[in-house]
Novice: 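Starting off with a structure, shown below.
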Number of protein chains: 2
Amino acid sequence: MNDPLPQYQRLKAYVSDEIAAGRLRPGDRIPSELDLIKRFGVSRMTANRALRELEQAGAVTRVQGVGSFVAARKTEQAMFEINNIAEAVRAGGQAYGCRVIHLAAEAEPEMLAFMGLGAGTHYGRAVLLHLADGVPVQHEDRCANLAFAPHFLDQDFTCVTPYDHLMALGPLQAAEQVFEAALPGPELARLLQVPARLPCIVLRRRTWSMNMVASAARITAPSNRYRFSGVTGAVPPFGLGLPRL
Amino acid sequence: MNDPLPQYQRLKAYVSDEIAAGRLRPGDRIPSELDLIKRFGVSRMTANRALRELEQAGAVTRVQGVGSFVAARKTEQAMFEINNIAEAVRAGGQAYGCRVIHLAAEAEPEMLAFMGLGAGTHYGRAVLLHLADGVPVQHEDRCANLAFAPHFLDQDFTCVTPYDHLMALGPLQAAEQVFEAALPGPELARLLQVPARLPCIVLRRRTWSMNMVASAARITAPSNRYRFSGVTGAVPPFGLGLPRL
DNA sequence: TGACATTACATGTATATACATGTTGGGATC
DNA sequence: GATCCCAACATGTATATACATGTAATGTCA
């Protein structure tokens with residue numbers, strides 16, 4: 001019925017499972033082509049293809065003459081700038097701060113529906129206010145899948161952003177993002193310290209990792225304090241012409 | 001000094017240059033592995049690698065038993081959904097319409113600065129109102145580089161969206177997008193037929209093609225009538241079953 | 001004319017082999 | 001002990017070959 005996976009796919013799955021399971025961590029040396037040949041009985045070209053494709057996928061770094069290693073973390077960069085708000089604030093030369101508004105083991109029904117997970121799954125919810133030089137720039141209502149991040153609620157989010165914590169647990173597989181505009185409403189306006197009639201941009205995001213929904217978030221930012229932007233592709237003047245495919 | 005390019009890179013460059021130059025257009029058949037073997041005197045594995053990597057890069061679609069083709073529009077798909085508004089409306093089962101508000105050979109200074117092009121370049125500006133079942137869903141203020149799209153102002157935008165026209169002229173290289181939230185202001189509110197206090201989402205976008213800025217646009221959409229969304233990466237449980245927002 | 005087999009073509013994967021390039025460590029030599 | 005050379009290893013690329021799988025067109029036969 002179902003064909004067996006091609007050999008090179010099996011090798012890729014083997015290596016990326018080791019990474020996903022945490023047995024191989026960023027910077028670790030992964031099996032060389034010769035190792036894979038001996039372990040799986042394949043030819044070198046097959047092992048080479050597996051490792052090369054893992055490199056192209058950003059999961060692995062290869063250095064000629066030295067070996068292959070688990071890549072640091074480039075995956076998230078490619079995905080329309082899943083921004084680390086703390087880094088973005090600091091990059092602008094401002095001081096980053098965070099206030100924890102709410103922390104609970106239960107999530108709102110609306111958010112749960114958004115995450116698309118059924119009953120029997122446990123959630124952690126964190127409502128945070130991100131500050132730049134003390135001024136609120138983003139309100140974040142995040143719901144994490146505790147099956148993916150068991151210690152989500154134990155984090156001190158004034159030090160470690162949800163982004164940092166979740167990213168450390170596994171590579172980002174996919175992200176869905178929806179942009180909307182909305183008025184903040186009285187409570188949000190108070191938290192963000194903006195007039196209730198100031199339009200805010202609302203980003204709802206779901207991320208997948210380790211073959212499950214890792215977390216969902218609703219991020220609200222006053223449009224005059226924070227903008228979501230992204231560049232995809234290679235902008236010519238720097239990339240010397242067409243991005244080499 | 002500089003090593004010659006590897007063979008497979010030469011093949012990739014050859015094919016992607018043909019695409020970039022417009023000699024191969026979306027849907028066109030590209031040289032088969034056998035063609036490349038005969039033309040460049042390489043082995044089949046080398047031609048295979050070149051075409052396979054072009055496929056992974058999204059430039060080419062390959063069908064076993066049939067051939068390889070210039071990818072329809074996967075490029076733009078990968079770039080955070082540069083949506084064709086007409087298609088999006090029709091996909092929702094509504095009738096698409098477009099009203100041309102303004103058409104001129106001059107662009108606003110603000111837009112010109114945004115495009116980042118100096119003097120001596122010619123621009124065409126089109127202000128359009130996109131309708132779904134007669135209801136305005138998007139206001140588009142677009143400025144095209146006439147060096148890239150010389151016949152931009154001759155288009156009948158009630159039939160051909162700027163997207164269609166520009167996409168037909170060359171492959172998308174890069175896109176920059178900024179999302180903001182704003183109130184529409186009296187004139188826009190009148191055009192969009194919404195209350196002046198309804199928050200709208202504003203997307204400013206620049207696109208590059210053929211090594212130049214192809215066009216810039218400011219797209220305004222009432223948040224209750226249109227949403228910008230995108231998925232990046234592969235959503236795990238085989239793609240399906242995520243609750244629509 | 002319609003059904004079916006054949007053929008040509010194209011891609012998908014896998015192997016064995018070869019040579020090139022780069023790194024590293026160990027051992028011989030001075 | 002310091003230096004240099006070389007072997008072992010790892011990746012990078014290329015080739016010839018093989019078989020599998022899939023599509024499309026063609027020709028044959030009823």
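First the proteins, then the strands, lettered A, B, ... as listed; each starts at 1.
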Novice: Write down the distance between CD (A/Gln64) and P (D/dT11), rounded to a whole number of angstrom.
Specialist: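 One finds 10 Å between P of D/dT11 and CD of A/Gln64, rounded.
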Novice: Could you check how far CZ of A/Arg52 sits from P of D/dG12, rounded to whole Å?
Specialist: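 The answer, rounded to whole Å, is 9 Å.
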Novice: Taking only residues at least two apart or on different chains, which pairs with a member in residues 18-30 of chain B satisfy salt bridge (Lys or Arg N to Asp or Glu O under 4.0 Å)?
Specialist: B/Glu18-B/Arg23
Novice: To the nearest Å, how far apart are A/Leu54 CG and D/dG12 P?
Specialist: 13 Å
Novice: Less than 4.0 Å between a side-chain N and a carboxylate O, is that true for A/Glu180 and A/Arg204?
Specialist: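 Salt bridge between A/Arg204 and A/Glu180, a charged N being under 4.0 Å from a carboxylate O: yes.
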Novice: Once ring pair (Phe, Tyr, Trp, His ring centres under 6.0 Å) is applied, do any residues pair with B/Tyr96, and if so which ones, sequence neighbours excluded?
Specialist: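 B/His130.
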Novice: Given D/dA14, is OP1 or OP2 found less than 4.0 Å from the side-chain N or O atoms of B/Tyr8?
Specialist: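 False: B/Tyr8 side-chain N/O out of range (4.0 Å or more) of D/dA14 OP1/OP2.
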Novice: Residues two or more places apart in sequence or in another chain: which of them pass side-chain contact (heavy atoms from CB on, under 4.5 Å) with A/Gln64?
Specialist: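 A/Gln64 satisfies side-chain contact (heavy atoms from CB on, under 4.5 Å) with no other residue.
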Novice: Which whole-number value in Å describes the distance from A/Leu51 CG to D/dA10 C1'?
Specialist: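 Whole-Å distance recorded here is 11 Å.
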Novice: Which nucleotide, C/dA10, C/dT11, C/dA20, lies nearest any side-chain atom of B/Ser68?
Specialist: C/dT11
Novice: Between A/Tyr14 and A/Phe40, what is the ring plane arrangement, given parallel below 30°, perpendicular above 60°, and tilted in between?
Specialist: perpendicular
Novice: If you check the B/Arg49 side chain, which of D/dT13, C/dA14, D/dT15 turns out closest?
Specialist: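 For B/Arg49, the side-chain atoms sit closest to D/dT13.
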Novice: On the side chain of A/Glu33, is there an atom forming a donor-acceptor pair with the base of D/dT11 - under 3.5 Å, no angle test?
Specialist: no
Novice: Rounded off to whole Å, could you give me the CG-to-P distance for the B/Leu34 and C/dA8 pair?
Specialist: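 In whole Å, C/dA8 P lies 14 Å from B/Leu34 CG.
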Novice: For nucleotides 16-19 of chain D, print each protein N/O atom paired with a nucleotide N/O atom at under 3.5 Å, atom names and distance only.
Specialist:
| unit_1 | atom_1 | unit_2 | atom_2 | d |
| --- | --- | --- | --- | --- |
| D/dA18 | N6 | B/Arg44 | NH1 | 3.3 |

Novice: Tell me which of A/Gly65 and A/Thr46 sits closer to the 5' end of DNA chain C, going by the nucleotide each one is nearest to.
Specialist: A/Thr46
Novice: For A/Ile37 and D/dC9, what is the distance between atoms CD1 and C1' respectively, to the nearest whole Å?
Specialist: 12 Å
Novice: If you pin A/Asn48 and A/Gly67 to their nearest nucleotides in DNA chain D, which one's is more 5'?
Specialist: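 It is A/Gly67, whose closest nucleotide lies nearer the 5' terminus.
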Novice: Considering residues at least two apart in sequence or located in another chain, which fulfil the side chain to side chain donor-acceptor pair (under 3.5 Å) criterion with A/Gln9?
Specialist: none
Novice: A/Val66 or A/Gln7: which one's nearest nucleotide on DNA chain C is closer to the 5' end?
Specialist: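 This one resolves to A/Gln7.
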Novice: Measure CD/A/Glu53 against C1'/D/dG12 and give the value in whole Å, please.
Specialist: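 It works out to 16 Å between those atoms.
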Novice: It should be established whether B/Arg62 places a side-chain nitrogen or oxygen under 4.0 Å from OP1 or OP2 of nucleotide C/dG12.
Specialist: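 Yes, within the criterion.
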Novice: Rounded to the nearest angstrom, tell me the gap between atom CD in B/Glu55 and atom P in C/dT13.
Specialist: 9 Å
Novice: Could you give all pairs that pass the salt bridge (Lys or Arg N to Asp or Glu O under 4.0 Å) test and reach residues 59-69 of chain B, with sequence neighbours left out?
Specialist: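 Salt bridge (Lys or Arg N to Asp or Glu O under 4.0 Å) check on residues 59-69 of chain B returns B/Glu33-B/Arg62.
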